[in-house]
Amino acid sequence: MSTYLLRRFLYMILILFAASLLIFMLYALMPGDFVSNNMKLTAERKAELREIYGLSKPVMERYFNWMNNAFHGNFGYSLAQQKPVLTLFNEYIWNSFLLAVTSTFFTWLLAVIIGVIAAYKQYSWFDTLVMIGIFAAMSIPSFFIGLFLIKMFAVDLKWLPPGGMLTTGSNATGMEFVREVVDHMMLPVIVMTLLGVGSLTRYFRSNMLDVIRQDYIRTARAKGMRERVVLYRHALKNAMLPAITLVGFELPGLFGGSLIIEKIFNWPGIGQLYMQSFTVRDYPLLMGFTMFIAVLTVIGTLLSDILYHAADPRVRL
Amino acid sequence: MKKILMTLLSLTMASSLLLAACSNDSSAPASDNGNQAAPASSSDSGGTTAEANTAELLAGPVAASDMSKLPEQAKKRTDTIIVGLTDPSGAFTPYFHQSGYDGNVSSVLYASLVTVDDKGLPIPDLAESWDISEDGLTYTFHLRKDLKFSDGSPLTAEDVAFTWTILHDKAYDGDSEVSTVLRIKGGQDYKEGKAKSIEGITIIDPQTISVTIEKVNAKALLTLGGNVLSKAYYGKDYTFGSLDYIKKLHATPVGNGPYKLDKFIPGQEVRFIANEYYYKGKPKTEHFIYKTTEGDTWQFIETGEQDYGSFTATQDNIDKLKKLGFLNIVPSTGSSYGYLQFNLEHATLKDKKLRQALTYGLDRKTIYVDANQGGAQIANVPTAPISWSYTEEGINPYNYDPEKAKALLDEAGWTEGAGGIREKDGQKLTIHFIGSKSKGTDIFIAVAKENYAAIGVQLEAEQFADFNALSSKFESRDFDLVSFSTPMLIDPSDGVSSFVNGEVKGYDNPKVKELYDKGLETTDIEERKKIYKELYQVINDDAPYIFTSYRKSVYAYNGRIEGLNVSPFRGLATSLPDWSLK
């Protein structure tokens, strides 16, 4: 196990190095830079600014500078936002995380419940209806559901706020503050859950169907166990096993933000910030964020391997 | 069923357009030199039907028709006004921010020495008056008495001198033109570290300061007359060549404008509180909030969460706003213009007759006005209709006239060849168009293709989703025609500078250069009007651009607000101190 971890760790470092080089090249070689965006500047002034920002240096030198600073914990200043990149992450990522973690929780909860019932009552009217519903939810674009829900619940019925994270100008504190955020989260979480629940439900349903036909389930039933116990203690546990690998992959998604959802619901998350930085070619922020996601992805895969091992002793590392 | 499908379809379209519009907006260079503000966030959704609707547009302001429809949410606010703003980043020091939206914020926090009226003419702000020497090189500003910063400290000529000086630092990376375009005497020496201070800046007494520039420049007054930074606050840690310390002060501005910063919540809102030290007196409304609205603003206007919004002036939008009942609606025209630039380095396009033919042969009314439901106006000169320099005298309107276009093409020697495409010396007349991926460009391509086919010209179009990709294609010079729009123009010289500074490559008209220089060499408005009229006539005839349109918008605000007026050049900030809630 420990040699495995050590080996994996070394691979991770290698992968991250390669990824950082690749990502840096990708951004550096894209047409346009932070300065070229501003049409009002003269060519001389642009050259001056490139000098100040270090954009006039050769790409490899810029890469090593960046790496060097990154190792010292300095991910640079965002050119467009005029703030340290890490401060910006701290300001925006938690908002995205809040949405993602809540909706992931509900997605999994619903998917497990619906998946198990649908599998148990395969081809029943419930199963059919759920499958139709799931396909519908999966195929309608998120912005459509989002706008539709805003129109219905915020504009017409006035039950929920139309967007944002707080009521504008509110000075709420304590429980009142929590209440306000929950109100504002409701719609985006519903949309994100609707979008995610489909594929996961189908996943659980098919796993459950596999497990339910196994001999030990029949044995359990033959022993005269209650159906509920058979389902939830014997079958579900094993059906969940493959899903554990998915947990690790959710990790980058939890922090990555969702561009479309954040835009529609005016949510102050990192996805929006990233997209803006892309249009103005704000390299430090782009680089920092993409590397952050890369690190999370690598850690996520490691995590799922370890979890898998922990949950299923048959799997050897 | 069919109806549902249609609704679905149109909603899908609207949303994808919305997304396109958003990405488009942000790709526009949000540059700002500290004393101008981009118009507050505007929304483009809604007007999706391409149905030509030439119904008369809003001619003048419309007052709210039914205040009883005012949402509860808005009624509850008694001392707060909320306006949407796309995306302030938190760097609120004038001259030092990189995003135009931060410029909107700092325009509320800082007053400038000189501001402009609705025609773009200079009027006093922090400076009570100013004198310009006979030779037009020395500007003397007289500050008002007892000016104070928002922390209560006095504002004097020292602060003005400090502001001008710091912009000359070699590490300065903003886009103020004080150090780049104006040549203040001794400025270059300071920048190179040869001098400890700038020779041309003289503090006469605490209320009076004069500055000498090396070359007469009509824009000098407004460029110099920008915001004033507190020397005691922003200059405390200043040493030549290092400006990093100022980044730490971005979030805690000390200003001199109508409001001071209360709280900035990233991605959500910027809260302001009335500044009791403002020289015109404390503003009438205690709280003001810029709410970050990245996407659509409709839902916030409709639910009363936001008091002000700006929209494209399409018939749909206007009707919808009128129906809401509790909004005052005011039409306005922006101070920029849209254009199609010819690549004048291509031999064929050097021919003026061809360029004129392509202008006559393009049905601009259909493309820009009708398809936009009247949300734009045809342009023929490089200045906005709201500017004092605007004129239609002696200007060829180039009304759509395919016959005239054909005649001009014949004259230029392009004759009809195979497949109806004109040829000259065995070369086919094809125009390679590049533009951004947007709804407007889609319409242009669809109509222009037909228009040009009718006069025997083939149009090949290429679109780019990313603004940088478009500009790098533009830099590579592999195009015949490109679609752009100018940023907000304040001085008329801003609108024509591209014809002389080498930006329009291959365009070289000595007359234009002469008139451009002349236009900047005098500060007399009447004189300048004459010069620009002549200049516009020359450019209009030369047709290095096909001028396309001026965007029209409507702004709508809660009927409870009184005293609101939007300056086409300075946005909301000028009238903000007078806003009050009924």
Side-chain angles (χ1 to χ4, degrees), chain A residues 30-34 36-45 48-49 52-53 77-84 88 91-92 95 140-141 143-144 146-148 150-151 154-155 158 161-169 260 262-269 272-273 275-276 278-282, chain B residues 8 11-12 15-16 18-19 22-23 26-27 29-31 33 71-72 77 80 82 87 89-91 96-99 102 171 173 175 180-181 247 250-251 265-269 271 287 289 291-296 298-300 302-303 305-306 466-469 471-473 484 486-487 501-502:
Chain A
M30 258 186 327
D33 58 27
F34 184 68
S36 64
N37 245 315
N38 192 340
M39 287 171 84
K40 272 169 65 185
L41 299 177
T42 60
E44 295 148 35
R45 183 67 183 150
E48 258 177 40
L49 287 178
I52 293 177
Y53 296 141
Y77 263 96
S78 155
L79 298 173
Q81 313 270 325
Q82 298 277 309
K83 270 185 199 169
L88 282 169
E91 281 173 358
Y92 288 88
N95 299 339
I140 301 175
F143 62 81
F144 175 75
L147 291 175
F148 182 72
I150 290 178
K151 168 92 178 113
V155 177
K158 297 198 170 45
M165 195 169 159
L166 292 173
T167 310
T168 316
I260 297 173
E262 284 172 11
K263 198 149 210 160
I264 292 172
F265 292 100
N266 208 26
W267 191 264
Q272 288 196 31
L273 187 71
M275 201 56 209
Q276 283 154 22
F278 185 79
T279 33
V280 298
R281 302 287 193 263
D282 187 354
Chain B
L8 268 174
L11 262 165
T12 320
S15 322
S16 56
L18 167 76
L19 289 175
C22 299
S23 56
S26 43
S27 70
S31 66
N33 63 9
E72 281 302 317
R77 286 193 304 269
T80 309
I82 301 174
D87 182 46
S89 78
F96 284 86
H97 40 65
Q98 295 288 347
S99 145
D102 288 335
D173 66 349
D175 56 5
T180 52
V181 175
K247 287 182 180 150
H250 283 339
I265 313 175
Q268 301 187 64
E269 42 192 277
R271 294 183 187 170
H287 299 279
I289 295 176
K291 178 182 170 64
T292 303
T293 47
E294 181 61 34
D296 209 346
W298 276 108
Q299 66 261 38
F300 298 113
E302 284 186 61
T303 50
E305 253 198 58
Q306 196 175 306
D466 176 67
F467 183 76
N468 282 279
S471 50
S472 86
K473 183 82 176 175
F484 278 134
T486 64
N501 65 8

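Numbers restart at 1 for each chain; the letters A, B, ... are given by sequence-line order, proteins then strands. As the structure is a prediction and not an experimental result, all values here were calculated from the model.
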For the pair B:Q299 and A:N266, evaluate side-chain contact (heavy atoms from CB on, under 4.5 Å) and give the outcome as yes or no after the intermediate values.
CA-CA 11 Å; B:Q299 66 261 38; A:N266 208 26; over 6 Å; no
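- Your options are B:D102, B:D173, B:T303, and the one with the most heavy-atom pairs under 4.5 Å with chain A is B:D173.
- Looking at A:F34, the atoms closer than 4.5 Å to chain B (heavy atoms on both sides) all sit in the side chain, from C-beta outward.
- A:P268 and B:P266 make their closest contact through CB-O, 3.8 Å (heavy atoms, listed as atom of the first residue, atom of the second, distance).
- A donor-acceptor pair is defined here as one N or O able to donate and one able to accept, closer than 3.5 Å; such a pair exists between the side chain of B:N468 and the backbone of A:T279.
- Of all non-hydrogen atoms in B:S89 and A:K83, the two that sit nearest each other are O-NZ, 3.5 Å.
- Of all the heavy atoms in A:R45 and B:T180, the pair that sits closest is CD-CG2, 3.1 Å.
- Residues B:Q98 and A:D282 form no side-chain contact, since every pair of their non-hydrogen atoms from C-beta on lies 4.5 Å or further apart.
- A donor-acceptor contact shorter than 3.5 Å is absent between the side chain of B:E305 and the backbone of A:T167.
- With chain B as partner, the option from A:T168, A:L166, A:D33 having the largest number of non-hydrogen pairs under 4.5 angstrom is A:T168.
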For A:I150 and B:E302, what are the C-alpha separation, side-chain angles and deciding distance, and is it a side-chain contact (heavy atoms from CB on, under 4.5 Å)?
CA-CA 11 Å; A:I150 290 178; B:E302 284 186 61; over 6 Å; no
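- Contacts of A:E44 with chain B are absent, with no heavy-atom separation under 4.5 Å from either backbone or side chain.
- For chain B, no part of A:L88 is nearby; none of its heavy atoms comes within less than 4.5 Å.
- When all heavy atoms are compared, the tightest approach of A:Y77 to B:K247 is CE2-CD, 3.3 Å.
- Taking each heavy atom of A:Y92 and B:G267 in turn, the nearest pair found is OH-N, 3.4 Å.
- Between the CD atom of A:Q272 and the CG atom of B:D87 there is a distance of 7.5 Å, given to the nearest 0.5 Å.
- In this structure, OG in B:S99 is found 10.0 Å from CD in A:Q82, a value given to the nearest 0.5 Å.
- To the nearest 0.5 Å, atoms CG (B:D466) and CZ (A:R281) are separated by 4.5 Å.
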